[in-house]
Amino acid sequence: MSDIRLMQGNEACALGAIHAGVRFYAGYPITPSTEIAEIMAEELPKYGGKFIQMEDEIAGMAAIIGASLTGKKTLTATSGPGFSLKQENIGYAAMAEVPCVVVNVQRGGPSTGLPTSPAQSEIMQSKYGSHGDRGAIVLTPSTVPECFRLAVRSVNLAEKYMTPVILLMDEIVGHMREAIDLEEERKAEVYDRKKPDCGPEDYVAYAPDENGAPVLAPFGAGYRYHVTGLTHDETGFSTMVPEKVERVNRRLVDKIENNKEDIVMWEETCTDDAESVIVAYGGAARAAREAVELLRAEGKKVGLFRPISVWPFPDKALTALAAKVRSVFVTEMNDGQLAGEVKKVIGGKVPVDGLFVMDGEIMTPQEIADGWKGANQ
Amino acid sequence: MSDKKYLRNDKLPHIWCPGCGNGIVLSALERALEQANVDKDKTVIVSGIGCSSRMPTYMDFNTLHTTHGRALAFATGVKLANPELTVFVIMGDGDATAIGGNHLIHACRRNIGLNAIVVNNNIYGMTGGQYSPLTPTGMKATTAPYGMVERNFDLCELAHAAGATYVARGTVFHAKPLTDLILESMDNDGFSMVEVLSTCPIGFGRRNKIRGNYELMEWVKNRAVNVKAAAKMSEEDLRGKLLIGRLYSEPAEEYTKCYDKIIEIAGKEAKR
Ligand SMILES: Cc1ncc(C[n+]2csc(CCOP(=O)(O)OP(=O)(O)O)c2C)c(N)n1
Ligand code: SF4
């Protein structure tokens with residue numbers, strides 16, 4: 001059986017989140033993410049879930065954290081300006097280790113920028129936008145079915161690692177229509193956060209499990225504990241003892257870094273015999289894939305490396321690939337944000353060039369192919 | 001101090017300065033919760049950032065110390081996600097009226113079942129005495145060295161105009177009536193706000209030459225007029241005074257209950 005539908009990435013994202021168990025949405029409308037809110041407003045109450053349009057994005061972020069502490073799976077969606085507003089409370093969710101998913105359907109920036117045009121310029125903000133050091137999980141889909149899949153995975157990872165997860169979409173995938181087999185996608189496994197396996201007397205809220213994540217009981221379940229954005233010890237209460245401060249800060253980084261094998265995702269196309277590799281992700285990877293076909297038709301041995309988790313970055317996979325190729329070419333709709341990480345990983349072993357576009361237009365396969373040729377004469 | 005049923009006695013003594021009103025507010029709240037015999041496991045205490053927002057640390061409940069100004073937005077998520085929980089929200093005057101003013105207006109408007117307590121000490125205590133929207137015009141703060149140049153607003157009138165269904169004001173000088181007001185506010189099924197006129201001898205009193213802790217209490221007391229007594233006073237006599245007591249009680253359907261009806265409607269549509 002299959003249930004094939006034609007739908008937008010935003011819609012697939014909303015349906016994926018619901019499949020993953022999201023039952024609470026709070027947010028503020030902004031193009032090009034608004035359809036996600038509209039679908040949640042219509043669908044969630046059908047499942048007994050809750051939707052609320054808050055007074056701004058700061059409040060939307062705050063509300064999903066509060067709701068998550070009662071044990072609900074929660075989501076908010078936004079775009080550039082709203083993503084900027086959410087940053088302080090994204091940091092709070094990271095510090096207080098409250099699972100939730102933030103969708104950012106990227107549009108042109110800075111500022112109000114290009115509300116209806118695509119961009120990919122929050123690669124760095126999605127990891128470093130909130131003050132302080134922490135590990136970050138950021139996933140970026142490039143097809144409509146993948147919007148569904150990665151929405152599910154974002155929720156699962158948030159619940160497993162007790163952290164905010166960013167689903168970094170862009171206007172291309174958000175608004176394009178593509179076929180998706182819902183029957184097939186709805187086979188995706190769903191992960192629910194752990195519950196304490198001890199009584200309230202023995203419960204230590206921020207004692208890490210084997211992954212380095214705490215087990216937070218839902219408010220109201222009989223485990224009374226304290227949640228704060230202040231640096232805290234394992235009891236959840238604030239501390240300034242250097243060893244304890246270091247321990248929690250280190251753990252917030254390590255619980256992601258040490259579990260990279262479990263978290264990182266990437267896709268390789270035509271890389272087996274590749275002599276050069278194009279790195280592209282999200283909506284822009286669609287054109288890059290076609291560029292690879294154009295170049296292959298001309299006899300150039302080019303492959304595609306598509307990070308699906310931009311954070312943590314699939315560094316091992318790219319390092320292995322870099323050992324086989326003569327050059328790397330990064331294409332992205334910003335001033336080379338991920339190219340910086342690519343260069344860091346490759347460490348000068350092969351030349352890294354790129355095509356960085358900031359004109360609000362989707363790059364064409366031909367532009368990418370020409371750019372690659374220019375760099376690989 | 002004997003062990004209190006609703007406090008985390010191992011977290012005491014508290015961090016507040018001698019003469020600070022926060023301790024009085026905490027005791028009044030603690031007494032009200034005890035008199036109401038609330039279930040500790042089903043009660044959440046949310047706060048923002050500031051000296052007064054440290055209160056939940058000492059309270060033996062599910063406690064959520066959030067970001068500056070955003071306590072009501074976090075609390076809205078808690079309450080809507082699980083309406084069975086009793087939710088208190090503790091904020092300072094800066095927290096609730098400056099950075100969090102927008103959230104306050106909309107929590108009032110929605111009439112969501114939260115019990116807000118705004119500890120108004122007329123100053124930003126935690127950061128060392130900068131002016132807040134409620135620093136009386138003309139009085140001094142570190143960022144108003146020549147006197148507060150801006151005008152104030154009446155927080156209770158603002159909350160009422162925005163839609164809060166229970167609004168009261170008390171003071172730290174009148175501790176027993178404060179307990180009663182908090183208790184009464186819990187009976188309102190909707191958004192309740194109790195503003196508490198409080199003291200910050202360090203950040204506010206000293207700088208305004210109100211030297212002793214008792215003098216500052218007197219200053220607070222003298223600003224307040226009971227709402228019943230005020231009915232018999234002239235406009236002239238009431239100038240610059242703040243009314244205390246229950247100011248508004250206008251019950252209306254609570255937000256999460258309204259939302260439950262949406263769930264019912266949507267559920268029926270889904271079946272069709
Ligand atoms: C976003 C943000 N801005 C500023 C601050 C600094 N800050 C901490 S508490 C505070 C004001 C506290 O005053 P109030 O809310 O009146 O509470 P009080 O300390 O007087 O109880 C400020 C400005 C902060 N923590 N976060
Ligand atoms: S600074 Fe003011 S508000 Fe803060 S604890 Fe001291 S007296 Fe209280």
Side-chain angles (χ1 to χ4, degrees), chain A residues 23-26 41-74 76 88-89 91-93 95-96 98 100 200 205 216-230 232 235-238, chain B residues 8 10-11 39-47 49 54 56-57 59-87 99-100 102-103 105-107 109-110 112 255-256 259-271:
Chain A
R23 291 295 177 269
F24 189 97
Y25 181 101
E42 188 163 340
E43 293 300 316
L44 279 181
K46 293 182 188 168
Y47 296 83
K50 312 277 172 88
F51 167 92
I52 184 168
Q53 184 170 311
M54 295 299 287
E55 50 274 15
D56 58 31
E57 286 87 346
I58 301 172
M61 192 62 218
I64 65 166
I65 296 170
S68 179
L69 283 165
T70 72
K72 298 280 191 299
K73 293 182 180 176
T74 67
T76 189
E88 184 191 11
N89 284 340
Y92 183 93
M95 183 56 134
V98 183
C100 52
L216 295 186
F219 278 180
Y223 296 79
R224 299 186 303 277
Y225 59 100
H226 186 59
V227 180
T228 179
L230 285 169
H232 46 266
T235 66
F237 290 92
S238 69
Chain B
R8 288 173 174 143
D10 61 325
K11 296 295 165 203
D39 181 346
K40 293 203 266 189
D41 288 331
K42 299 290 178 196
T43 304
V44 181
I45 319 275
V46 185
S47 69
I49 295 289
R54 289 297 179 95
T57 317
M59 304 179 71
D60 190 13
F61 296 87
N62 305 278
T63 51
L64 177 57
H65 178 228
T66 68
T67 48
H68 191 33
R70 317 302 173 192
L72 283 167
F74 280 79
T76 296
V78 172
K79 182 71 184 178
L80 180 56
N82 185 354
E84 279 177 21
L85 299 172
T86 298
V87 183
I99 190 165
N102 198 25
H103 310 307
I105 291 171
H106 294 284
R109 177 180 61 80
R110 291 188 185 103
I112 184 164
Y255 170 75
T256 63
Y259 197 89
D260 283 342
K261 289 184 186 157
I262 299 289
I263 292 180
E264 230 170 84
I265 297 168
K268 275 185 203 141
E269 281 207 2
K271 271 186 213 111

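Residue numbering restarts at 1 for every chain, and letters A, B, ... go by the order of the sequence lines.
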query: For the residue pair A:Tyr92 and B:Phe74, is the inter-centroid distance of their aromatic rings smaller than 6.0 Å?
result: yes
task: Below 4.5 Å from any heavy atom of chain A, which atoms of B:Leu85 appear? Answer side chain, backbone, both or neither.
output: side chain
- prompt: Given a strict heavy-atom distance threshold of 4.5 Å, which part of A:Phe51 is in contact with chain B: side chain, backbone, both, or neither?
  reply: both
field: Those residues that, when tested against B:Lys11, pass side-chain contact (heavy atoms from CB on, under 4.5 Å) (two or more places apart)
entry: A:Phe237, B:Arg8, B:Tyr58
- prompt: To the nearest 0.5 Å, how far apart are NZ in A:Lys46 and CD1 in B:Ile262?
  reply: 13.0 Å
message: At a 4.5 Å cut-off on heavy atoms, which part of A:Lys72 comes close to chain B: side chain, backbone, both, or neither?
response: side chain
query: So which of B:Leu72, B:Thr66, B:Asn82 has the largest heavy-atom pair count under 4.5 angstrom toward chain A?
result: B:Thr66
- prompt: What residues form a salt bridge (Lys or Arg N to Asp or Glu O under 4.0 Å) with B:Asp60, not counting sequence neighbours?
  reply: A:Arg224, B:Lys40
- request: Flag the one option from A:Gly91, A:Gly222, A:Ala217 with the top tally of heavy-atom pairs under 4.5 Å to chain B.
  value: A:Gly222
- prompt: Of the backbone (N, CA, C, O) and the side chain (C-beta and beyond), which part of B:Arg110 lies under 4.5 Å from a heavy atom of chain A, both, or neither?
  reply: side chain
- request: Measure the CD1-NE2 distance between A:Ile52 and B:His106 for me, rounded to the nearest 0.5 Å.
  value: 11.0 Å
query: Which pair of non-hydrogen atoms, one from A:Gly49 and one from B:Tyr259, has the smallest distance, and what is that distance?
result: O-CE2, 3.5 Å
- prompt: Side chain, backbone, both or neither: which part of A:Ile64 has a non-hydrogen atom closer than 4.5 Å to chain B?
  reply: neither
- prompt: Shortest non-hydrogen contact from A:Lys50 to B:Ala81?
  reply: NZ-O, 4.5 Å
Closest non-hydrogen atom pair, B:Asn102 against A:Asp56: ND2-OD2, 3.6 Å
